[in-house]
Structure formats: C-alpha cells, structure tokens
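Okay, structure first, notes after.
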Amino acid sequence: MPELPEVETVRRGLEPAMSGVRIDRLEVRRPDLRFAFPDRFAERVSGRTIVGLGRRAKYLLADLDDGEVLVMHLGMSGSFRTERQDVADVPGHFHHARSKAAAHDHVVFHLSGGATVTYNDPRRFGYMLLVPRAELAEHAMFRDLGVEPVGNTLDAAYLEDAFRGRFTPLKAALLDQRIIAGLGNIYVCEALHRSGLSPRREAGTLSPARPRKVAGARATQLVTAIREVIAEAIEAGGSSLRDHIQADGSLGYFQHTFRVYDREGEPCPTPGCAGTVRRIVQSGRSTFYCPRCQR
DNA sequence: AGTAGAACCTGAGCGC
DNA sequence: TGCGCTCAGGTTCTAC
C-alpha cells in the first residue's frame, strides 16, 4: 500500500504521539511479520524513549534513547492507529475508546501517558528491525538506496546518468529503489503521465550519449513531474491527517484522486488529449497510461 | 549484468 | 450464499 507520501503522512501523524515519549511496554503478538522479529525484540524496545521519528524512502525510523533505530516498513498493507484512553473528560476532545484488538494487530506500543499505537498488517509484508544508529547507512536495507524524490540530489543530470545505456522500460527504471528511493507503482504511473513519457520507452533514450552540461528537456520534465506528484501527495496526506486522524485514529490510508492510476478506459485527463487510459502489465505489475499523449 | 517472473500472505471484488 | 478466479500501493529470490 504505502509509497513515500503515505509513509511520510504516517510519520507526521505518529510524531505527536510518539516523539519524546517513553514506550512503557511493547506488545508483540506473533513471532514474525515478513521476517522474524529481532531477538528479544519486546524486551529491547520496552522502557526506551523515542528520541525522534524520521523517514528514509518508504522506511519509518524511530530513534531510541539507547542509540538503536527501530526500522519499520509497512509492506503492502501495513497501517498504524493511535488510541488514547485519558482524554475522555476533556471537553470537546474526541475520545478514542480503547478498542479490542482487531484482526492482524501484530504490534502494540503502550506509551507512557496511556496512549497506544497499534501496527496492523493483514498481508504481513511489512517488518521491523533494530539497527544501531551508526550502522544504519551501511545496513543492507539502506546502503543501495537511491536519492529521495523530493530533495536536492534528484535532478535531470542525475537521472540521465542513472538511465544511460539502460534498455529497461522507464516504468521499471523508476520503480528501481537504487535510483530513486520511495516511488511505487501509483506515483510512477502518475509522474510518467504528467511528463508525457511512455512507461514503455527505454530508460536510456532520455540520456544523451555523452553527459552534457545542460540536461535534456525530457529528463527535466520527468524530474519536475516526479517532484510535483510526490509533493502534492504529501500535501494531500497532510490535509487528510487534519480531517481524518481525530475521527478514527488510523494512519496509512488516505483518499486521493489519480489522473491515470486505476482509471482504465476513462478519457485521458490531459487537456486537449482525446486518448483513453489503458492498462498494461509490465514486469508483473499494472501500468496505467495514455498511449496518445505519452511518448 | 540486467531483466522477467515467481514467491511471500490475506482480503476484496467479480462472474457464475 | 458460495465458489473460484484475479487483483492489490512492496521487496527479494531465482532463473534465463
């Protein structure tokens, strides 16, 4: 489920409840998610204070006061929800009753002050790790990650370099976390549509044979589209947080309207384009695009 | 080396 | 109502 904007939205939603807060007890309700939990996981996390909550690509990073980082990945179906039981008598404050455990509630953070944060993940493609802060950058999960899509390091010249000589389709190249870290199936489709580039085009065709000082127009368009799509989605996530979090305390899903994703058969939303959104399968995954305006 | 496909797991939606 | 099939926002392992 979550791509970078969703993970960032989850981070922002959890931060007020978790940052600077002590974990009185970590409740681990099964032996594994995608991987087995770390040795003595519950014991090592219980009693720690969360110094700060960060994010890298699609990973959520909780800095603990003993120098370790609790690394959390939400896989396809992971989500968090926050609940607190100590605000019932605050006038005007929404009260989240402490609910019973739902199906697929795998990890519960019992926080000082009485709030809980629950990780739910039906498909269990998510996972949690404990990594010493100093070793994080060299950890197998992080060392090969590419640049963040919104940030100074992503620019057209970088993309041209990364794509040079590659025959793989643009769709696959953009999903490759070693080049840009954090994009997923939805936002790749959206960015390609906005930039007028076909998902089937060979990645190397965006790169001039030799590096140039001034990057080409197509790579520039693509970079602009990626940054816009991600920034807008994070903004939309922020809005949904403000509207939504108090109602049910759940984090991980928010409503979005996409221009092409999951819109097979609908008219292409590009102004003046009479095309129809088409669905194809590339390396086993759905791609939505307009064959008319995406070249 | 680089790329496609299967695998991991559960649930939702659809046609019959 | 129920069965069987396809599909799902991610990553990793295997096989050409």
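Each chain gets a letter, A, B and so on, in the order its sequence line appears, and its residues count up from 1.
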- Query: So does Asp121(A) pair up with Arg124(A), basic N to acidic O under 4.0 Å?
  - Reply: no
- Taking the six-membered ring for Trp, is the centroid-to-centroid distance between Phe288(A) and Phe258(A) below 6.0 Å? no
- Message: For His104(A) and Arg178(A), find the nucleotide of DNA chain B closest to each by heavy atoms; which residue's nucleotide sits nearer the 5' end?
- Response: Arg178(A)
- What's the OH-P distance between Tyr127(A) and dG10(C), to the nearest Å? 12 Å
- Item | dG10(C) phosphate, OP1 or OP2, under 4.0 Å from His73(A) side-chain N/O | no
- Query: Does the distance from a Lys or Arg side-chain N to an Asp or Glu carboxylate O, for Glu190(A) and Arg194(A), drop under 4.0 Å?
  - Reply: no
- Say you pick atom P in dT6(C) and the same atom in dA6(B); how far apart are they, in whole Å? 13 Å
- Message: Any donor-acceptor pair, under 3.5 Å, between the side chain of Arg285(A) and the base of dA8(C), if you only look at N and O atoms?
- Response: no
- Return the nearest nucleotide to the side chain of Pro169(A); candidates are dT11(C), dG9(C), dA4(B). dA4(B)
- Euclidean distance, atom CZ of residue Phe167(A) to atom P of dA4(B) [Å, nearest integer]: 13 Å
- Query: Going by ring centres under 5.5 Å and near-parallel planes (under 30°), is Phe125(A) stacked on dG10(C)?
  - Reply: yes
- Query: Taking 4.0 angstrom as the limit, do Arg22(A) and Asp65(A) come out as a salt bridge?
  - Reply: no
- Within the structure, does a side-chain N or O atom of Ser77(A) lie under 4.0 Å from either OP1 or OP2 of dG9(C)? no
- Message: At less than 4.0 Å, is any side-chain N or O atom of Arg124(A) found next to OP1 or OP2 of dT10(B)? Yes or no.
- Response: yes
- Message: Could you tell me how far apart Asn185(A) (CG) and dA8(C) (P) are, to the nearest whole angstrom?
- Response: 8 Å
- Item | Any Lys58(A) side-chain N or O less than 4.0 Å from OP1/OP2 of dG9(C) | no
- Item | Basic-acidic side-chain contact under 4.0 Å: Glu43(A), Arg40(A) | no
- Once you round it to whole Å, what is the distance between C1' of dG9(C) and OH of Tyr59(A)? 15 Å
- Message: Between P on dG2(B) and NZ on Lys171(A), what's the gap in Å once rounded to a whole number?
- Response: 20 Å
- Message: Between dC3(C) and dC9(B), how far apart are the two P atoms, rounded to whole Å?
- Response: 23 Å
- Query: Which base sits across from dG9(C) as a Watson-Crick or G-U pair, both distances under 3.5 Å?
  - Reply: none
- Message: By the 4.0 Å heavy-atom rule, please label Gln282(A) as base, sugar-phosphate, or nothing.
- Response: nothing
- Calculate the interatomic distance between Ile186(A) atom CD1 and dG9(C) atom P; express it in whole Å. 7 Å
- Under 4.0 Å between a side-chain N/O of Tyr187(A) and OP1 or OP2 of dG9(C), yes or no? no
- Is a side-chain donor or acceptor of Gln177(A) paired with a backbone partner of Gly146(A) at a separation under 3.5 angstrom? no
- Using atom CG of Asn120(A) as one end and atom P of dC9(B) as the other, report the distance to the nearest whole Å. 17 Å
- Task: Take the protein atom CD of Glu202(A) and the nucleotide atom C1' of dA4(B), then report the distance between them rounded to whole Å.
- Result: 15 Å
- Is there a donor and acceptor pair, one atom on the side chain of Arg34(A) and one on the base of dT11(C), closer than 3.5 Å? yes
- Item | Listed nucleotide nearest any side-chain atom of Glu3(A), set dA8(C), dT11(C), dG10(C) | dG10(C)
